[in-house]
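Single-structure report; data block below.
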Amino acid sequence: MARLLLNSKKHKDYIFEGCSTCDAKCCSSNIIYSTIYDLKEASALFPILFYVADGKISPVYFFYYGETVGEKCPHLNGTMCSVYENRPYACRSYPFSFEQGNPCFDDGCPKISISKNSGVSLLDAKKKLNPYFISNFVGKEFTEQKEEIFTSTGRFVDFCVKNNFLVPYVNYYANNALYLNFKPSLSEQLYIIHPQRIAVMRMQNKELFLGHDDFLQYIMMISASHKNIETLFALKEAKI
Ligand code: SF4
Ligand code: SF4
């Protein structure tokens, strides 16, 4: 699956046929890019980690551990999302997203294609993302605030890196072989917020979060989300 920038020429004949005949293919991904916009919902359901790729570090959440292709999200019940009302933003907006503020779609969605079947065109008459998808997927609120959301997310990540809050995931769980099984092929690229380190640094520097109350909140949400790694294991094992 790849995220493609929506292109007014290349994608002028693309349509979306709708989800009704799909068996929730999008719930079998494994790594989802997050922003501060959906940290609250996402951190209640999934472990939030940090992923380093192409010199860029991003907050992400994970659906599952291991390497099995086609493995489904543990919150999926048949083809229904069991946390639908509280599902994270990326789930709500999928197959649409933004990259540096520009609309994208995921070509892994089987219902987006050049097709003679009926569906909704990805582009409107002005060659922009069809407002239908803004109303039903992306959300007007997100669209209006997207510059601020991406900028603030970047500032938050920079703050974590600058203050040395992140440790390699494999080190954090080094004594637990089960956790090391969590997406081993990505182990070098995954980082985790280290709550104890932050607690010690806060004791040493009482002004660490001065003017950054929002960052402190995000860190608390992310730290709390780490227990969701255990929940994901439990959910998965209950289904085996
Ligand atoms: S968004 Fe795409 S992949 Fe997800 S359920 Fe709908 S059609 Fe299927
Ligand atoms: S939270 Fe729900 S919508 Fe999101 S991947 Fe899991 S089952 Fe699918």
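On a predicted model such as this, the values are computed, not experimentally measured, just so you know. Order of appearance sets the numbers: ligands from 1, and atoms from 1 within every ligand.
Salt-bridge annotation for Arg3 and Glu99: present, with a side-chain N of the basic residue lying under 4.0 Å from a carboxylate O of the acidic one.
Remark: ligand 2 atoms within the under-4.0 Å shell around heavy atoms of Leu76 are 7 (S). Near Cys27, meaning under 4.0 Å from any of its heavy atoms, are these atoms of ligand 2: 3 (S), 5 (S), 7 (S), 8 (Fe). Interface atoms of ligand 2 facing Cys91, defined by a heavy-atom separation under 4.0 Å, are 1 (S), 3 (S), 4 (Fe), 5 (S). If you number the atoms of ligand 1 from 1 as listed, the ones under 4.0 Å from a heavy atom of Pro110 come out as 3 (S).
Using cut-offs of 30° and 60° for the angle between ring planes, the Phe16 and Phe137 rings count as perpendicular.
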* For side chain to side chain contact (heavy atoms under 4.5 Å, CB included), just list the numbers for Ile219 and Phe156, CA-CA rounded to whole Å, side-chain angles, deciding distance to a tenth of an Å, and then say yes or no. => CA-CA 9 Å; Ile219 283 172; Phe156 170 61; 3.8 Å; yes
* Asked: Between Gln189 and Tyr169, is a side chain to side chain contact (heavy atoms under 4.5 Å, CB included) present by the stated rule, with each step listed?
  -> CA-CA 8 Å; Gln189 290 162 278; Tyr169 177 82; over 6 Å; no
* **Derivation of the side chain to side chain donor-acceptor pair (under 3.5 Å) call for Thr21 and Lys111** => CA-CA 9 Å; Thr21 55; Lys111 300 295 174 179; 2.9 Å; yes
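In summary, an N, O or S atom of Cys81 is located under 2.8 Å from atom 2 (Fe) of ligand 2. When distances to atom 4 (Fe) of ligand 2 are checked against a cut-off of 2.8 Å, Cys73 contributes no N, O or S atom below that limit.
At a heavy-atom cutoff of 4.0 Å, ligand 2 is contacted by the side chain of Val83 but not by its backbone.
Of the options Asn136, Leu122, Asp106, a side-chain contact (heavy atoms from CB on, under 4.5 Å) to Phe96 is made by Leu122 and by none of the others.
Side-chain rings of Tyr191 and Phe50 stay apart, their centers remaining 6.0 Å or farther from each other. A ring-centre distance under 6.0 Å is not found for Phe215 and Phe209.
In this structure a side-chain-to-backbone donor-acceptor pair under 3.5 Å is missing from Asn130 to Phe133.
With a cut-off of 2.8 Å, the protein N/O/S atoms near atom 6 (Fe) of ligand 1 add up to 1.
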